[in-house]
Protein chains: 2
Amino acid sequence: MRRTKEQAEQTRVAILAAAEQLFLEKGVSHTTLEQIARAAGVTRGAVYWHFQNKAHLFHAMLDQVRLPLEQLTERLSGCGGEDPLWALRDLCVGAIESLAQDDQKRRIFTILLHRCEFTDELRETEQRNAVFINQFIALVEQLFGRPGCLDRLQDGVTPRIGARSLHGLLVGLFTDWTRDPGLFDPIRDAAALFDVHFRGLVRDWPRRRQAAPPTP
Amino acid sequence: MRRTKEQAEQTRVAILAAAEQLFLEKGVSHTTLEQIARAAGVTRGAVYWHFQNKAHLFHAMLDQVRLPLEQLTERLSGCGGEDPLWALRDLCVGAIESLAQDDQKRRIFTILLHRCEFTDELRETEQRNAVFINQFIALVEQLFGRPGCLDRLQDGVTPRIGARSLHGLLVGLFTDWTRDPGLFDPIRDAAALFDVHFRGLVRDWPRRRQAAPPTP
DNA sequence: TGGTTTACAAACGTGAATGTATGTAACAGC
DNA sequence: GCTGTTACATACATTCACGTTTGTAAACCA
């Protein structure tokens, strides 16, 4: 019984959703395509029609969340008139907060950090991941090196060290919270968790964001 | 051809070493006991004699590094006459530095962070891991709350937030460096990476460790 | 409206990994 | 020196997941 194009797309997302759930519960390599198909209400035939194999399915799943994330990061390099250090801080805080608000993001990051092994078959996914991370670090490092920022860094903090420590904190908080969502409350605590670090990075880091200067 | 007791122990460590190497290369669930056995120069019979199954083998492998780690952490709660904040800082720096010095530790942590999925069969391992992490966080939180420390924390930094952010940084640096050992040099950079954070945590964090007061 | 292609379902063949059961030679104790 | 046990090797049975192939009804198009 052939479906219409919309129905086909519907089963595609059903497969993706089922995979997401099962990967989260049982781990990527312990989840079989048969289980995914059954959970999506189809057979393995449908899975193999929409995706080449499990690795491609996994890749497609990650794309749902990586693409918007990359856009968000690129926005930093533009960074209009406002303080780029505050923009960076807001980006970090927002990233943690969004974990609590966006259930799909939470699931997918939990899978990425705790439920998959980066081995040969996922090597390509790992590479793209590494590229994104390196771009982020390079961007932050370059941001810290800007004339308006560099002189605001604490003594002894180089752009290189600052970028790497900040990314470490970001990744660590992602890892910790996805492992145990009870460890802290993203909405309430994210700002404080990063402000600790920014106070170590930036001289005279304000305790609270000062009001924006009135735009004439 | 039965072996003597020492020889038997020798094959046991050979199996553990082979598993360590293969888990690192191919991921835990993508490594078969047959491959481990061949790499160790034995057959699956030997593996099943020494270990109940792959999960128990994995568990035994982790014990090689977790047990000394737990001792190290517990030493913090004692924390003799010296400044407990500096002791904590040294513990963190030393943890990162030891990654570069101890190859086995580096391999096992890489496996833990990037080459295994915490699923049903490793649930027990995951639990013990979580217990250790929670103990570490609780210990740091309690340390920050001590009379001699609490008043040295920066305004707005609670023991709760301080402990969680510090652990986040620690985990993130582990994760980042095991993913890409070229990202920074543990020996050269570990101190700077943590000092950024400690400056955000503690008031008047010294740029360099001042000489210890002369012991009378 | 008839042929073509789509979107799957069902069936097939295959290799591989697991756990267990059995065999066996040598060590360790008496 | 005999025996029970150890430290494995070998053989076996079973299950399971994968990839491919074939079948098919319905949608899409001319």
Report summary line: Rounded to 10°, the angle between the first-five-pair and last-five-pair axes of the helix from C:dT1-D:dA30 to C:dC30-D:dG1 is 20°
Nearest heavy-atom pair of [X] and [Y]: which atoms, and what distance?
| X | Y | result |
| --- | --- | --- |
| A:F144 | A:A163 | CE1-N, 3.6 Å |
| A:P68 | A:D63 | CD-O, 4.1 Å |
| B:R146 | B:L76 | NH2-O, 4.2 Å |

Query raised in the report: Is a donor on one side and an acceptor on the other found under 3.5 Å between the side chain of A:E117 and the backbone of B:H114?
Result: no
Query raised in the report: Ignoring hydrogens and geometry, is there a side-chain-to-backbone donor-acceptor pair from B:Q7 to B:T4 under 3.5 Å?
Result: yes
Query raised in the report: Which value, rounded to the nearest 0.5 Å, describes the distance between B:Q104 atom CD and B:L16 atom CG?
Result: 8.5 Å
Query raised in the report: With sequence neighbours left out, what residues match A:L113 under side-chain contact (heavy atoms from CB on, under 4.5 Å)?
Result: A:F174, A:T175, A:T178
Query raised in the report: Of all of residues 6-19 of chain A, which get a heavy atom below 4.0 angstrom from DNA chain D, listed by number?
Result: none
What side-chain donor-acceptor pairs closer than 3.5 Å can you find for residues 183-202 of chain A, not counting sequence neighbours?
from: A:D185; atom 1: OD1; to: A:I187; atom 2: N; distance (Å): 3.2
from: A:D189; atom 1: OD2; to: A:D185; atom 2: N; distance (Å): 3.0
from: A:D189; atom 1: OD2; to: B:R160; atom 2: NH2; distance (Å): 3.1
from: A:D195; atom 1: OD1; to: A:R89; atom 2: NE; distance (Å): 3.1
from: A:D195; atom 1: OD1; to: A:W205; atom 2: NE1; distance (Å): 3.1
from: A:D195; atom 1: OD2; to: A:R89; atom 2: NH2; distance (Å): 3.0
from: A:H197; atom 1: ND1; to: B:H197; atom 2: ND1; distance (Å): 2.8
from: A:H197; atom 1: NE2; to: A:S165; atom 2: OG; distance (Å): 3.0
from: A:R199; atom 1: NH1; to: B:D155; atom 2: O; distance (Å): 3.1

So, are [X] and [Y] salt-bridged, with charged N and O less than 4.0 Å apart?
| X | Y | value |
| --- | --- | --- |
| B:R66 | B:E70 | yes |
| B:R179 | A:E126 | no |
| B:E34 | B:R38 | yes |

Query raised in the report: Is A:H50 near enough to C:dA7 that one of its side-chain N or O atoms lies under 4.0 angstrom from OP1 or OP2?
Result: no
Report task. Take atom CH2 of A:W49 and atom P of D:dT21, then tell me their distance rounded to the nearest Å. Result -> 17 Å
Query raised in the report: Within this structure, what is the CZ-to-C1' distance between A:R3 and C:dT5, rounded to whole angstrom?
Result: 16 Å
Query raised in the report: Going through the distances and angles, do B:F136 and B:L170 end up as a side-chain contact (heavy atoms from CB on, under 4.5 Å)?
Result: CA-CA 11 Å; B:F136 178 86; B:L170 186 62; 4.0 Å; yes
Query raised in the report: In B/S/- notation, 5' to 3', how is nucleotides 11-21 of chain C contacted by protein heavy atoms closer than 4.0 Å?
Result: ------SBBB-
**Report entry** Side-chain H-bond candidate by donor/acceptor type, B:H30 with A:S29, under 3.5 Å
**Finding:** no
Taking N or O atoms only and anything under 3.5 Å, show me the protein contacts with nucleotides 28-30 of chain C, one pair per line.
from: C:dA28; atom 1: OP1; to: B:T4; atom 2: OG1; distance (Å): 3.4

